[in-house]
> 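Supplied in C-alpha cells, the structure appears directly below.
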Amino acid sequence: MEFIDLAFQQKRIRGKIGEHIEAVLNHGQYIMGPEVAALEKELGQYVGTKHAISCASGTDALLIALMARGIGPGDAVLTTPFTFIATAEVISLLGATPVYVDIERKTYNIDPVQLDRCLSALRSGDTSMYPLPRLAEQREVTPKAIIAVDLFGLPADYSRLDEIAQRNGLFLIEDAAQSFGAELNGRKACTFGDVACTSFFPAKPLGCYGDGGMCFSSDDSLAEIMRSIRLHGKGSHKYENIRIGINGRLDTLQAAILLAKFSLFEEEVRLRQAVAGRYTEFLRSCPSLVTPDVPTGYQSVWAQYSLLARGEAHRDSIMKIMQGKGIPTVIYYPRPLHLQSAFSSLGYREGDFPVSEDCARRIFSLPMHPYLTEGDQDRIVSALLEAAVA
Ligand SMILES: *Cc1c(COP(=O)(O)O)cnc(C)c1O
C-alpha cells in the first residue's frame with residue numbers, strides 16, 4: 001500500500017498526458033509556451049480570481065509574493081511554526097524576520113486570538129505578553145505581513161485574519177500549497193488575502209511531474225509586479241529590467257501535464273472527501289484518537305488526513321504496529337519551525353508555542369489519495385483501531 005498513490009491516476013489519463021507532452025515536443029516552446037497561459041486561465045477561472053501567475057514552485061510563489069510587497073531587512077512577517085519549512089524560509093531568505101504565532105488546537109491553523117496578542121507584544125517589545133524573536137525584543141523590526149497556512153488542506157480562518165490584517169495595515173498571504181480545491185463559505189481556497197500561493201509538487205492535491213507553483217491575486221498592480229519578478233524583474237520587454245527578480249517560470253511541459261491532470265481534479269476532490277468521510281465515520285468514536293475537525297462552512301481538500309494520538313509513545317507505537325501490517329503512516333510535522341536549528345538565531349525556546357509542540361509530538365497521517373479503495377480504507381481503519389488500544 002502506498003501513502004500517496006500517483007500511479008493509478010496516471011493510468012487513467014496516461015494517453016492524454018502523452019498527447020499533451022507530444023504537443024509541446026512538436027511546437028518546441030519549452031519556456032512560457034501556450035500551455036502556461038492556458039493553465040493560468042483555467043486555474044484562475046476555477047478558483048475565481050482575476051490573476052493567476054504560474055511559477056517554478058510553491059516556495060517561489062511565496063518568495064514572489066513577499067518580494068512584490070517589498071519585504072526585506074527590518075520587516076517582521078508573522079506566521080505559524082506548524083508548517084513546512086518553505087513558509088518561513090522565504091521570509092529569512094529576504095532578510096526579514098519570521099515571527100511565530102501558535103496554532104488553534106482544532107484546526108492546526110494560525111490562531112487569530114494569539115495573532116492579535118503577538119502584534120501587541122511586537123509593538124511594545126514586551127516578551128512577557130507573547131514570545132518574540134530576539135530582534136523584535138529590541139523593537140528592531142516592524143510588522144509588515146502575515147503568512148497564514150491552510151494546513152492539511154483546511155483553509156485558515158480568513159474572516160478573522162482579514163480583519164486583523166486590515167486593522168493593522170498588514171499584507172496577508174494565503175499559503176495554499178496544500179489547499180488548492182478547498183473552500184470556505186462557498187469561496188475557493190487561493191482567493192484569500194492579498195496574494196495566495198499554491199504548489200504543484202507531485203504529492204499535493206493538484207500535482208505535476210516535477211516542481212511547479214502559482215500565485216493568485218485580484219489586484220492588478222500586484223499581479224503585474226509578480227509577473228515581472230517571475231521573469232528577472234522584466235519591464236516592457238525581455239532585456240529591460242526594472243527591478244530585481246528571479247528565474248521563477250513554470251516549465252511548459254509541467255503546465256501541459258497539469259492541464260491533463262486538472263481534467264480529473266474536481267472528481268478527485270470528491271473522492272478525497274469520500275475517503276476522509278469514511279475515515280472519520282469509523283475513527284471518530286475511538287477514545288484514544290482525535291480525528292480532524294472541519295468547522296461549519298469549511299471544506300478541506302484533504303492533502304493529509306491527520307490524527308492525534310494520546311502522546312508521543314502512543315503515536316510511535318501506533319505507527320510501528322501499522323508499519324508491521326504494511327500500512328504506511330507519516331508525521332507532518334515532527335519538529336515545529338521555531339525549534340529547527342535553521343532558525344536558531346531567532347532565539348525561540350521550547351515551550352514558546354505549546355500547542356504546536358504538543359501536536360508535533362502526537363500527530364500522524366494516514367494514507368490519503370483519491371483512489372484509496374474501500375477495502376484498503378477498511379484495512380487501515382481496523383489496523384488503527386487495534387493499534388490505538390494496544
Ligand atoms: C509544499 C509546501 C510549500 C512549498 O511548495 P514547493 O512547491 O515544494 O516549493 C510551501 N508551504 C506549504 C505549507 C507546503 O506544504
Side-chain angles (χ1 to χ4, degrees), residues 1-11 82-85 103 105-109 149-154 177-179 182 201-205 207 268-294 300-337 339-340 355-390:
M1 191 186 302
E2 304 277 339
F3 186 70
I4 296 180
D5 185 346
L6 299 172
F8 191 89
Q9 178 200 53
Q10 189 185 88
K11 224 181 278 165
F82 198 58
T83 178
F84 181 59
I85 178 83
I103 55 170
R105 189 169 281 283
K106 284 197 143 193
T107 61
Y108 309 118
N109 286 331
V149 178
D150 303 341
L151 203 72
F152 304 143
L154 181 74
Q178 302 181 7
S179 65
F201 181 80
K204 308 282 166 150
E268 289 182 347
V269 172
R270 288 193 293 274
L271 291 169
R272 283 176 180 278
Q273 265 147 12
V275 175
R278 279 188 96 243
Y279 273 159
T280 298
E281 181 189 336
F282 295 123
L283 296 170
R284 183 166 39 203
S285 55
C286 177
S288 50
L289 294 172
V290 179
T291 51
D293 187 64
V294 180
S300 176
V301 70
W302 302 105
Q304 303 298 341
Y305 187 95
S306 305
L307 300 129
L308 295 181
R310 284 195 306 264
E312 196 165 10
H314 185 226
R315 188 251 319 259
D316 295 349
S317 131
I318 289 173
M319 291 180 70
K320 209 165 156 199
I321 294 170
M322 303 279 282
Q323 189 186 24
K325 295 182 174 172
I327 298 169
T329 55
V330 177
I331 302 173
Y332 299 106
Y333 293 93
R335 188 188 290 252
L337 298 188
L339 301 177
Q340 296 281 1
V355 182
S356 296
E357 291 170 27
D358 182 51
C359 291
R361 281 189 288 265
R362 294 166 57 198
I363 206 156
F364 65 102
S365 303
L366 299 181
M368 170 51 76
H369 59 85
Y371 306 106
L372 199 65
T373 61
E374 291 201 351
D376 278 347
Q377 294 164 33
D378 294 344
R379 259 184 69 205
I380 293 163
V381 164
S382 56
L384 178 53
L385 289 174
E386 232 174 86
V389 296

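This chain uses plain numbering: 1 for the first residue, then up along the sequence.
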> Determine the minimum heavy-atom distance between A390 and I321, stating which atoms define it.
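In terms of heavy atoms, the two residues are closest at CB-CD1, 3.7 Å.
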> What residues form a side-chain contact (heavy atoms from CB on, under 4.5 Å) with I331, not counting sequence neighbours?
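Only R315, M319, P334, I363 meet the side-chain contact (heavy atoms from CB on, under 4.5 Å) criterion with I331.
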> Give, for atom OG of S285 and atom CG of L385, the distance between the pair rounded to the nearest 0.5 Å.
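So the OG of S285 and the CG of L385 are separated by 7.5 Å.
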> Between S306 and S365, which heavy-atom pair has the shortest distance, and what is it?
OG-OG, 2.8 Å
> Do the non-hydrogen side-chain atoms of H369 and Q9 ever get within less than 4.5 Å of each other?
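When only atoms from C-beta onward are counted, Q9 and H369 do not touch, as no gap falls below 4.5 Å.
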> Y108 and side chain to side chain contact (heavy atoms under 4.5 Å, CB included): which single residue from L154, T83, L308 fits?
L308
> Under the rule for side chain to side chain donor-acceptor pair (under 3.5 Å), what residues qualify as partners of T107, not counting sequence neighbours?
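Side chain to side chain donor-acceptor pair (under 3.5 Å) list for T107, sorted by chain: E104.
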> My understanding is that only residues two or more places apart in sequence, or in another chain, count here; which of them pass side-chain contact (heavy atoms from CB on, under 4.5 Å) with Q323?
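Checked Q323 against side-chain contact (heavy atoms from CB on, under 4.5 Å); zero matches.
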> Going by salt bridge (charged side-chain N to carboxylate O under 4.0 Å, His left out), name the residues that satisfy it together with K320, two or more places apart in sequence or in a different chain.
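Partners of K320 by the salt bridge (charged side-chain N to carboxylate O under 4.0 Å, His left out) criterion come out as none, since no residue qualifies.
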> Excluding sequence neighbours, so at least two apart, what forms side-chain contact (heavy atoms from CB on, under 4.5 Å) with V330?
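V330 satisfies side-chain contact (heavy atoms from CB on, under 4.5 Å) with F3, Y332 only.
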> Could you measure the distance from the CD atom of Q304 to the CG atom of L366? Nearest 0.5 Å is fine.
10.0 Å
> Would a 4.5 Å heavy-atom cut-off, applied to side chains only, mark L384 and T329 as touching?
no
> Output a table of donor-acceptor pairs, distance under 3.5 Å, between side-chain atoms of residues 273-281 and any protein atom two or more places apart or on a different chain; print 'none' if there are none.
{"residue": "Q273", "atom": "NE2", "partner": "Q299", "partner atom": "OE1", "Å": "3.4"}
{"residue": "Q273", "atom": "NE2", "partner": "S300", "partner atom": "O", "Å": "3.0"}
{"residue": "R278", "atom": "NH1", "partner": "Q377", "partner atom": "OE1", "Å": "2.8"}
{"residue": "R278", "atom": "NH1", "partner": "D378", "partner atom": "OD1", "Å": "3.2"}
{"residue": "R278", "atom": "NH2", "partner": "D378", "partner atom": "OD1", "Å": "3.1"}
{"residue": "Y279", "atom": "OH", "partner": "P367", "partner atom": "O", "Å": "2.7"}
{"residue": "T280", "atom": "OG1", "partner": "A276", "partner atom": "O", "Å": "3.2"}
{"residue": "T280", "atom": "OG1", "partner": "Y305", "partner atom": "OH", "Å": "2.7"}

> With a 4.5 Å heavy-atom cut-off, do C359 and F82 have their side chains touching?
yes
> Kindly indicate, with the supporting measurements, whether the criterion side-chain contact (heavy atoms from CB on, under 4.5 Å) is fulfilled by I380 and M322.
CA-CA 8 Å; I380 293 163; M322 303 279 282; 4.2 Å; yes
> Quick one: side chain to side chain donor-acceptor pair (under 3.5 Å) partners of T291, sequence neighbours excluded?
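Listed in chain order: nothing, the list is empty.
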> Supply the atom-to-atom distance I103 CD1 to E357 CD, rounded to the nearest 0.5 angstrom.
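Here the interatomic distance stands at 10.5 Å.
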> What pairs with D293 under side-chain contact (heavy atoms from CB on, under 4.5 Å), at least two apart in sequence or on another chain?
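D293 satisfies side-chain contact (heavy atoms from CB on, under 4.5 Å) with K106, P295 once adjacent residues are dropped.
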> Nearest heavy-atom pair of G326 and M1: which atoms, and what distance?
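For G326 versus M1, the nearest heavy atoms are O-CB, 3.9 Å.
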> Quick check against the 3.5 Å criterion: does N109 have a side-chain atom that pairs as donor or acceptor with the backbone of L151?
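Here the side-chain-to-backbone pair exists.
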> So L307 and I318, do their side chains get closer than 4.5 Å, heavy atoms only?
no
> Using a 3.5 Å distance criterion without hydrogens, assess whether the side chain of R379 forms a donor-acceptor pair with backbone atoms of I327.
no
> Can you tell me how far the OG atom of S317 sits from the CZ atom of R310, to the nearest 0.5 Å?
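That separation rounds to 8.5 Å.
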> Just to verify, what does R362 make a side chain to side chain donor-acceptor pair (under 3.5 Å) with, not counting sequence neighbours?
D358
> Grab the two heavy atoms, one from P205 and one from V301, that are nearest each other, plus how far apart they are.
CG-CG1, 3.8 Å
> Only counting residues at least two apart or in another chain, list the ones meeting ring-ring contact (aromatic ring centres under 6.0 Å, His included) with F8.
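In terms of ring-ring contact (aromatic ring centres under 6.0 Å, His included), with neighbours along the sequence ignored, F8 is linked to Y371.
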> Within the structure provided, determine whether V381 and L283 are in side-chain contact (heavy-atom separation under 4.5 Å).
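A side-chain contact under 4.5 Å exists here.
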> For Y333, check side chain to side chain donor-acceptor pair (under 3.5 Å) against everything at least two apart and list the hits.
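Counting only residues at least two positions away or on another chain, Y333 forms a side chain to side chain donor-acceptor pair (under 3.5 Å) with Q178.
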